[in-house]
**Q** 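Let me give you the structure first, and then I'll get to my questions.
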Amino acid sequence: MNKAYKKLRVTIILALLLIFGLSQYFGVIVGPDNLIYDNLLSSPGEPSDNIIIIGMDERSINEIGSWPWPRFYVADAIEKLAEYDVAAISASILYDAYSNEDYDNALVKAAALTERLVLGGMAYISDEGYNVEIGIEDYISPFDELDRVVTTGFLNAENDGDGVMRRALTSLRYGDTLVHSLAYETYLKACEVKGITPNEVPVDNVGTFPINYTSRPGGYKVYSFWALINDELEPAIFKDAIVLIGPYAQGIGGGNYPTPLEKATLTYGVEINANIIQNMFEGDFKESAPQWLNFGIMAASVLIMLLLLHRLKPLWSVALTLGLAAILIITALIAYSQFGIIIKCGDTIILLLFCWLTNMIFGILTAQNEKQHIQGLFGRFVAPEVVNEIISGGVDIQLGGSEKEITVLFVDIRGFTAFSEANPPEKVVKMVNRYLDLTSRSIQSNGGTIDKFIGDATMAMFNAPNELAEHALCAVKAAWAMKVGSQSLREEILQQYEVDLQFGVGINTGNAVVGNMGSDFRMDYTAIGDTVNTAARLESNAQKGQIIISEATYKLVKDHVEVTDLGILMVKNKKTGIQIYSVDDVL
């Protein structure tokens, strides 16, 4: 991965860290954390025997009638519970308006008989923004006569965006006054009666704390409201108990919600309050981890990804990402079970996936970039299809070679020595480059591979590294393209410098050893053998503008060329001569 890509990759991942850090702070992504909390962290416990629910249930509705009931029924229930010496009575009912005077007086009279009653109020919540104490615009209490003789707690409940009740709203700011929930006031009342010091409730800035649910729906002792007022229950079961009166049937209201322990069956509000009160008594609170800890875990995870991810192969990068995600979940489990701390790791896991995806994309882009770089460099020496063959894996680039049939072409500029002696170096270099550019284009356009440049000479081979069906004909066509293409250049130089520069070409076909020659750290893709040497001998015997081919080459191209038989050529280190031909035209 080049420096530009590395820098951009790091920048993007750090930008993702910033985005997800802000998202974590403002609670934008909560689904994954809720999923982990509901399915891995939350688990039922043992409901307290000291918390009893008096349910305003179907039986009571059938006996009394549809809600709202005449208030003397609730007054009767309060009087009986007061006689039973309960620790606290909580009624999830709001009596803010007057009704029948006799019924209202009966309710006030019953409430005045005990100091252990808590009734419901209702707050109109104002939107104060994120992560600040919730304020209220108005607070609705019971009607005046009743309000003077009872303690009230608000009935408001704040469920999460998905409808699940995970947190208990315990306090709201009403002007200069801090008002508490029905569950919290009931807990304080019970502590007062029992003579115990209330546990400090660790609420967050908004006034909430995570509910550590003990029970699924139906876990607490539930008795019918009708059974209570008709003396069907033993008074002894209520002694010192916290009694919660509330809706326990559909159609009465009171707020029914899914909880982390049970989403399919809704939990009645009175049961949720029972769980909250048990949390408070047992002091078994769970606290959300501080923002700095959540972000620190996120930043550390990203740092590990930055340091290791780009060094790993794709499969191992997947293993690293999944491994870190597993570690985060295990850490969250340990923190919850051992220390009562809820760590946010859902958004961090998503961030890890984004980091992995970013790394994969940059890996692909880097590979593409390197591929294009190789194509650009290697493409200066070989035909594009050869480069594609090598990059696609069609050619094994390792030290060593193998024997195969190829056609070798050597080309040299005749008259170049005289030209170079008579002209300054800059002109010589400029001129030779123009000729070599012509030879290179001619070779590559006909599927050949440029092996090397030797001064003003060029060596090329056909049928290596990629297969070329008519490699001999391709070589001859390349030579002919050089001959035709050099005419205008020849005339230009002849006119300016009075020097006649023309190509001399030698072509031979046969078996040669082709491959990577050299050492482990420096190698050349080339061909060696008698076929190569013979082609070089033919080129050295070619006159200006002449293309000499061997008998082996001629047999493969004879139907496509017109030639002049040049007879037998005796070359150095060969006992027998070589039949050669001069190419006059390519058909």
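All values below come from the heavy atoms of this structure, side chains included, with hydrogens, waters and symmetry mates left out. Numbers here are sequence positions counted from 1. Keep in mind it's a predicted model, so treat the numbers as computed, not measured.
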**Q** In Å and rounded to the nearest 0.5 Å, what is the CG to CD1 distance from Leu438 to Ile443?
**A**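 With rounding to 0.5 Å, CG (Leu438) is 9.5 Å from CD1 (Ile443).
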**Q** Are Tyr220 and Val270 close enough that some pair of their side-chain heavy atoms sits under 4.5 Å apart?
**A**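 No, too far: nothing below the 4.5 Å cut-off.
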**Q** By the definition side chain to side chain contact (heavy atoms under 4.5 Å, CB included), identify the one residue from Leu14, Leu306, Ile361 that meets it with Arg9.
**A**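 Only one option passes, and that is Leu306.
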**Q** Where the side chain of Asn199 meets the backbone of Met280, is there a donor-acceptor pair that is under 3.5 Å apart?
**A**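 Yes: the side chain of Asn199 pairs with the backbone of Met280.
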**Q** Nearest 0.5 angstrom please: Thr267 OG1 to Ile211 CD1, how far?
**A**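 Going from the OG1 atom of Thr267 to the CD1 atom of Ile211 covers 10.0 Å.
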**Q** Got a donor-acceptor contact below 3.5 angstrom from the Thr170 side chain to the Gly207 backbone?
**A**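 Present.
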**Q** Relative to each other, are the rings of His180 and Tyr184 parallel, tilted or perpendicular (30° and 60° limits)?
**A**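 His180 vs Tyr184 ring planes: perpendicular.
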**Q** Report yes if the side chains of Met305 and Leu324 come closer than 4.5 Å at any heavy-atom pair, otherwise no.
**A**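 A side-chain contact exists here, since the closest heavy-atom pair is under 4.5 Å.
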**Q** Between Asn279 (side chain only) and Phe285 (backbone N and O only), is there a donor and an acceptor less than 3.5 Å apart?
**A**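 It does not hold such a pair.
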**Q** Distance-only, no hydrogens or angles: does the Asn446 side chain make a donor-acceptor pair with backbone N or O of Ala475 under 3.5 Å?
**A**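 A pair under 3.5 Å: no.
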**Q** Does Phe503 have its ring centroid less than 6.0 Å away from the ring centroid of Tyr435?
**A**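 Yes: the rings meet the under 6.0 Å criterion.
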**Q** To the nearest 0.5 Å, what is the distance between CG on Leu244 and OH on Tyr268?
**A**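 Reported to 0.5 Å precision, the distance equals 15.5 Å.
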**Q** Do any N or O atoms from the side chain of Glu271 and from the backbone of Gly218 form a donor-acceptor pair under 3.5 angstrom?
**A**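 Looks like yes, one N/O pair under 3.5 Å.
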**Q** Set out, in order, the CA-CA distance, both residues' side-chain angles and the distance that settles side chain to side chain donor-acceptor pair (under 3.5 Å) for Asp204 and Thr208, then state yes or no.
**A** CA-CA 6 Å; Asp204 58 17; Thr208 69; 2.8 Å; yes
**Q** Would a distance-only check, ignoring hydrogens and angles, find a side-chain to backbone donor-acceptor pair under 3.5 Å from Asp456 to Val432?
**A**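 Between the backbone of Val432 and the side chain of Asp456 there is no qualifying donor-acceptor contact (under 3.5 Å).
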**Q** Can you tell me how far the OG atom of Ser42 sits from the CG atom of Asn212, to the nearest 0.5 Å?
**A**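 Nearest 0.5 Å value for the OG-CG distance: 7.5 Å.
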**Q** Identify the heavy atoms of Thr449 and Ala464 that sit nearest to each other, and give their distance.
**A**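 Scanning both residues, the minimum pair turns out to be OG1-O, 2.7 Å.
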**Q** Find out whether Phe453 and Ser440 are in side-chain contact, i.e. whether some heavy atom of one side chain is under 4.5 Å from a heavy atom of the other.
**A**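 Side-chain contact under 4.5 Å: yes.
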**Q** Looking only at non-hydrogen atoms, find the nearest pair between Thr509 and Ala552 and report the distance.
**A**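 Thr509 and Ala552 have their closest heavy atoms at O-CB, 3.3 Å.
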**Q** Should Glu467 and Lys404 count as side-chain neighbours, where that means a heavy-atom distance under 4.5 Å?
**A**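 Counting from C-beta outward, Glu467 and Lys404 do come under 4.5 Å.
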**Q** Asp160 versus Val30: any side-chain heavy-atom pair under 4.5 Å?
**A**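 They are not in contact (no side-chain heavy atoms under 4.5 Å apart), so the answer is no.
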**Q** Measure across Val206 and Leu169 and return the closest heavy-atom pair with its distance rounded to 0.1 Å.
**A**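 Heavy atoms only, the tightest pair is O-CD1, 4.1 Å.
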**Q** Might you work through the side chain to side chain donor-acceptor pair (under 3.5 Å) test for Thr531 and Asn508, ending with a clear yes or no?
**A** CA-CA 6 Å; Thr531 297; Asn508 184 36; 4.5 Å; no
**Q** Using the rule side chain to side chain contact (heavy atoms under 4.5 Å, CB included), only one of Pro44, Ser48, Pro47 pairs with Ser215; which is it?
**A**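 Only one of Pro44, Ser48, Pro47 forms a side chain to side chain contact (heavy atoms under 4.5 Å, CB included) with Ser215, namely Pro47.
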**Q** One pair to check against side chain to side chain contact (heavy atoms under 4.5 Å, CB included): Ile349 and Ile329. What are the steps and the verdict?
**A** CA-CA 9 Å; Ile349 292 173; Ile329 292 174; 3.8 Å; yes
**Q** Could you check whether any side-chain N or O of Ser486 sits under 3.5 Å from a backbone N or O of Leu489, counting only pairs where one atom can act as donor and the other as acceptor?
**A**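 Here the side-chain-to-backbone pair does not exist.
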**Q** Do Ile13 and Leu17 have side chains that get closer than 4.5 Å, going by heavy atoms?
**A**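 Contact flag for Ile13/Leu17 side chains = no.
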**Q** Only counting residues at least two apart or in another chain, list the ones meeting ring pair (Phe, Tyr, Trp, His ring centres under 6.0 Å) with Phe354.
**A**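 Here the qualifying residues are Phe20.
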**Q** Going through the checks in order, is the side chain to side chain contact (heavy atoms under 4.5 Å, CB included) test met by Val164 and Asn34?
**A** CA-CA 9 Å; Val164 178; Asn34 289 342; over 6 Å; no
**Q** So which heavy atom on Pro32 is nearest to which on Gly346, and how close?
**A**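 Here Pro32 and Gly346 meet closest at CB-CA, 3.6 Å.
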**Q** Step by step, work out the side chain to side chain contact (heavy atoms under 4.5 Å, CB included) result for Arg216 and Thr265.
**A** CA-CA 9 Å; Arg216 291 187 169 90; Thr265 302; over 6 Å; no
**Q** Do Phe362 and Ile12 have side chains that approach each other closer than 4.5 Å (heavy atoms only, starting at C-beta)?
**A**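 Heavy-atom side-chain distance check passes, below 4.5 Å.
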**Q** Does Lys430, at its NZ atom, have more than 12 non-hydrogen atoms belonging to other residues, nucleotides or ligands within less than 6.0 Å?
**A**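 Counting neighbours around NZ of Lys430, 12 or fewer heavy atoms of other residues, nucleotides or ligands fall under 6.0 Å, so no.
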**Q** Are Pro258 and Leu266 side-chain neighbours, meaning at least one heavy-atom pair lies under 4.5 Å?
**A**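 The answer is yes, as the side chains (C-beta and beyond) meet within the 4.5 Å cut-off.
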**Q** Where do Asn463 and Thr407 land on the side chain to side chain contact (heavy atoms under 4.5 Å, CB included) test, with the steps shown first?
**A** CA-CA 7 Å; Asn463 203 37; Thr407 297; over 6 Å; no
**Q** To the nearest 0.5 Å, tell me how far Met482 CE sits from Ile413 CD1.
**A**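 Reported value, rounded in 0.5 Å steps: 11.0 Å.
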**Q** Given 3.5 Å as the limit, does a donor-acceptor pair link the side chain of Ser23 with the main chain of Ile19, or not?
**A**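 Not at all, since once roles are kept as given, no pair shorter than 3.5 Å links the two residues.
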**Q** Is a donor on one side and an acceptor on the other found under 3.5 Å between the side chain of Thr321 and the backbone of Leu352?
**A**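 Such a contact is absent between Thr321 side chain and Leu352 backbone.
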**Q** May I ask you to decide if Cys355's main-chain N or O and Asn359's side chain share a donor-acceptor pair within less than 3.5 Å?
**A**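 Absent.
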**Q** Quick check for you: to the nearest 0.5 Å, what is the distance between His471 atom NE2 and Glu405 atom CD?
**A**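 That separation rounds to 4.0 Å.
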**Q** If every non-hydrogen atom of Ile276 is compared with every non-hydrogen atom of Ala183, which pair is closest and at what distance?
**A**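 Shortest heavy-atom contact: CG2-CB, 3.9 Å.
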**Q** Would you say CD of Glu200 has more than 12 non-hydrogen atoms from neighbouring residues, nucleotides or ligands within 6.0 angstrom?
**A**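 Not buried by this count: 12 neighbours or fewer within 6.0 Å.
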**Q** What pair of heavy atoms forms the shortest contact from Pro260 to Tyr37, and how long is it?
**A**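 The pair with the smallest heavy-atom distance is CG-CE2, 3.8 Å.
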**Q** Within a 6.0 Å radius of atom NZ on Lys452, are there more than 12 heavy atoms belonging to other residues, nucleotides or ligands?
**A**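 Atom NZ in Lys452 is packed in, count exceeds 12.
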